[in-house]
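Have a look at the structure below before the remarks.
We count residues from 1, following the sequence as given.
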Amino acid sequence: MSNQHKQAMDAVLQAAAHDIVATLKERDVEDRHSEEADLAVLDVAILHAYRVFMRICEENGLEVDAGYFADLAADLAEEVAQDED
């Protein structure tokens with residue numbers, strides 16, 4: 001991974017960290033090791049992935065299709081689950 005990619009990833013992770021804190025507070029989640037906290041982190045991660053997908057589409061003049069994003073995410077989740085088995 002190039003230095004530029006590492007810096008971009010660090011910026012995304014910092015933004016996500018701030019959003020996670022806000023989401024946990026919004027949902028009144030006090031136990032960061034609970035299932036509720038895990039779900040909040042997952043929600044933030046998916047939202048950030050979708051935002052990146054939107055920006056990539058927009059930058060390349062492509063139509064942003066939330067359904068397509070969801071289908072791709074589901075396919076990826078299946079592949080990862082199969083690799084773990």
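Each salt bridge (charged side-chain N to carboxylate O under 4.0 Å, His left out) pair with one or both residues in residues 6-22, not counting sequence neighbours, appears once here: D19-R51. Listed by first then second residue, pairs satisfying side chain to side chain donor-acceptor pair (under 3.5 Å) with a partner in residues 29-46 read R27-D43, not counting sequence neighbours. Here ring-ring contact (aromatic ring centres under 6.0 Å, His included) pairs that include residues 5-25, with residues two or more places apart or in two chains, number zero.
Under a 4.5 Å side-chain heavy-atom cut-off, the cluster of Ile, Leu, Val, Met, Phe, Trp and Tyr residues that includes V29 is completed by I20, L24, V41, V44.
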Would you give me the side-chain donor-acceptor pairs under 3.5 Å for residues 57-83, sequence neighbours excluded?
unit_1 : atom_1 : unit_2 : atom_2 : d
N60    : ND2    : I56    : O      : 2.8
D65    : OD1    : G67    : N      : 3.0
D65    : OD1    : Y68    : N      : 3.1

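The salt bridge (Lys or Arg N to Asp or Glu O under 4.0 Å) test applied to R55 returns no partner, not counting sequence neighbours.
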